[in-house]
Amino acid sequence: PQATPMIIGLDVTGSMGDIAIELLRNGVGRTVEGILANESISDPQILFAAVGDSKCDQTPLQVTQFEADNRMVDQLQLIWKEGGGGANGGESYHLPWIFASRMVSADAHREGRKGYIITVGDEPVHHYTSDEEIRRTFGRSFYEGTVKTPDVYAEVCKNWYVFHISL
C-alpha cells in the first residue's frame with residue numbers, strides 16, 4: 001500500500017475541559033471514518049497525540065502507534081488526560097512537529113510524499129522550547145539550546161502538511 005502517515009493531536013490540558021474527552025470519545029471516531037472514506041489520502045496510517053504544556057506538565061506529549069484499523073481505538077483509551085497546562089499564554093502544539101520531524105521514519109517521506117499533522121486546541125502555540133523541556137519530553141535533545149517554534153515549523157513542513165484547528 002501507499003501508506004500515508006497522519007498525526008492527530010488533541011489538547012488535553014485543563015483549559016479544554018470536557019471538550020478533549022468528547023473529542024476522544026466521539027469526534028475522533030467520526031473524523032477517522034471521514035479520513036478512511038476519503039480516497040484522496042492513500043492508505044492512512046493514523047497516530048494520535050495528546051498534547052499538553054512542556055513548560056509545566058508532567059507528560060506534555062503522549063503518542064500512540066500508527067494504525068490503520070480499530071486498534072487505534074484501543075490505544076486511545078490509554079491516553080491520560082492530564083488536565084494541566086498553565087496560565088502562560090500557550091500550549092506545546094509544536095511537540096508533535098518535533099516528534100514527527102525527528103522521530104518518525106516513514107516510507108512516504110522516502111518516496112517524496114508528505115504526511116499530515118492536525119492539532120486541535122484552544123491556545124496559541126508557545127514561541128520557543130528550551131533544551132530542558134525537549135530533553136524532559138523526549139528523553140534526549142535534538143537542538144542546541146532553545147529552539148524557536150518557526151524553526152521547528154520550517155523543519156516539519158519538509159515532510160508534513162501541518163494544520164491547527166483553534167477552538
Side-chain angles (χ1 to χ4, degrees), residues 1-13 15-55 57 60-68 72-73 75-76 79 81-82 85 89-129 133-134 137-138 142-143 147-167:
Q2 291 281 327
T4 302
M6 299 187 77
I7 296 173
I8 299 175
L10 301 172
D11 182 334
V12 294
T13 62
S15 64
M16 287 289 284
D18 291 336
I19 295 171
I21 300 254
E22 179 63 23
L23 285 171
L24 286 171
R25 288 188 182 148
N26 299 311
V28 168
R30 281 181 261 150
T31 300
V32 169
E33 287 172 5
I35 290 168
L36 295 174
N38 183 345
E39 295 180 10
S40 66
I41 299 173
S42 65
D43 301 311
Q45 306 289 310
I46 302 171
L47 172 149
F48 292 103
V51 181
D53 189 336
S54 64
K55 302 199 179 305
D57 285 349
L61 181 67
Q62 301 169 66
V63 297
T64 66
Q65 297 182 127
F66 284 100
E67 298 288 358
M72 67 180 75
V73 175
Q75 291 189 20
L76 273 175
I79 288 180
K81 186 187 171 290
E82 183 170 356
E91 306 296 0
S92 299
Y93 305 120
H94 59 299
L95 292 178
W97 306 349
I98 294 171
F99 173 80
S101 62
R102 295 296 178 126
M103 300 187 81
V104 173
S105 176
D107 290 340
H109 302 152
R110 288 185 286 280
E111 296 165 2
R113 296 181 297 112
K114 290 186 175 189
Y116 295 85
I117 300 176
I118 303 164
T119 53
V120 179
D122 64 345
E123 297 278 343
V125 65
H126 286 303
H127 297 291
Y128 68 90
T129 303
E133 292 168 49
I134 292 170
T137 302
F138 295 101
F142 301 110
Y143 307 96
V147 62
K148 294 178 182 175
T149 299
D151 295 335
V152 174
Y153 180 76
E155 177 182 31
V156 74
C157 285
K158 292 175 186 173
N159 287 319
W160 299 84
Y161 297 109
V162 179
F163 303 92
H164 180 71
I165 299 169
S166 184
L167 301 178

Check whether R113 reaches the backbone of D107 with its side chain - one donor and one acceptor, N or O, closer than 3.5 Å. no
For E123, check salt bridge (charged side-chain N to carboxylate O under 4.0 Å, His left out) against everything at least two apart and list the hits. none
Pairing residues for Y161 by the ring-ring contact (aromatic ring centres under 6.0 Å, His included) criterion, not counting sequence neighbours: Y116
Would a 4.5 Å heavy-atom cut-off, applied to side chains only, mark S92 and D53 as touching? yes
Are S42 and Q2 linked by a side-chain donor-acceptor pair shorter than 3.5 Å? no
Kindly check if the number of other-residue, nucleotide or ligand heavy atoms within 6.0 Å of OH (Y128) is above 12? no
Check: S105 and R110 side chains under 4.5 Å, non-hydrogen atoms: yes
With sequence neighbours left out, the residues meeting ring-ring contact (aromatic ring centres under 6.0 Å, His included) with H164 are Y93
Given the ring of Y143, does K148 sit roughly above its face, with NZ or CZ under 6.0 Å from the centre of the six-membered ring and within 45° of the axis? no
Spell out, as yes or no, whether a donor-acceptor pair under 3.5 Å connects the side chain of T4 to the backbone of I41. no
Flag the pair L61 / P96 as yes when at least one side-chain heavy-atom distance between them is below 4.5 Å, and no otherwise. yes
Checking side-chain polar atoms at under 3.5 Å, does S54 have a donor or acceptor matched by the opposite partner on H126? no
Nearest-0.5 Å distance that lies between atom CG in D57 and atom CD in Q62: 9.5 Å
Pairwise distance CE(M6) to CD(E67) - rounded to 0.5 angstrom: 15.0 Å
Heavy atoms of S101 and W160 approach each other most closely as N-NE1, 4.4 Å
Got F99 and I7 here, is their nearest side-chain heavy-atom distance under 4.5 Å? yes
Rounded to the nearest 0.5 Å, what separation is found between the CG atom of D122 and the CD1 atom of I165? 13.0 Å
With rounding to the nearest 0.5 angstrom, report the OG1 to CG distance, T119 to L10. 9.0 Å
Under a 3.5 Å distance rule, please check whether H109 uses its side chain to pair with a backbone N or O of N159 as donor and acceptor. yes
Nearest-0.5 Å distance, NE2 of residue H94 to CD1 of residue I134: 7.0 Å
Can you see which heavy atom on V156 is nearest to which on V162, and at what distance? CG1-CG2, 3.6 Å
Minimum side-chain heavy-atom gap T129-V152 below 4.5 Å: no
Between A68 and P44, the two heavy atoms sitting closest are CB-O, 3.7 Å
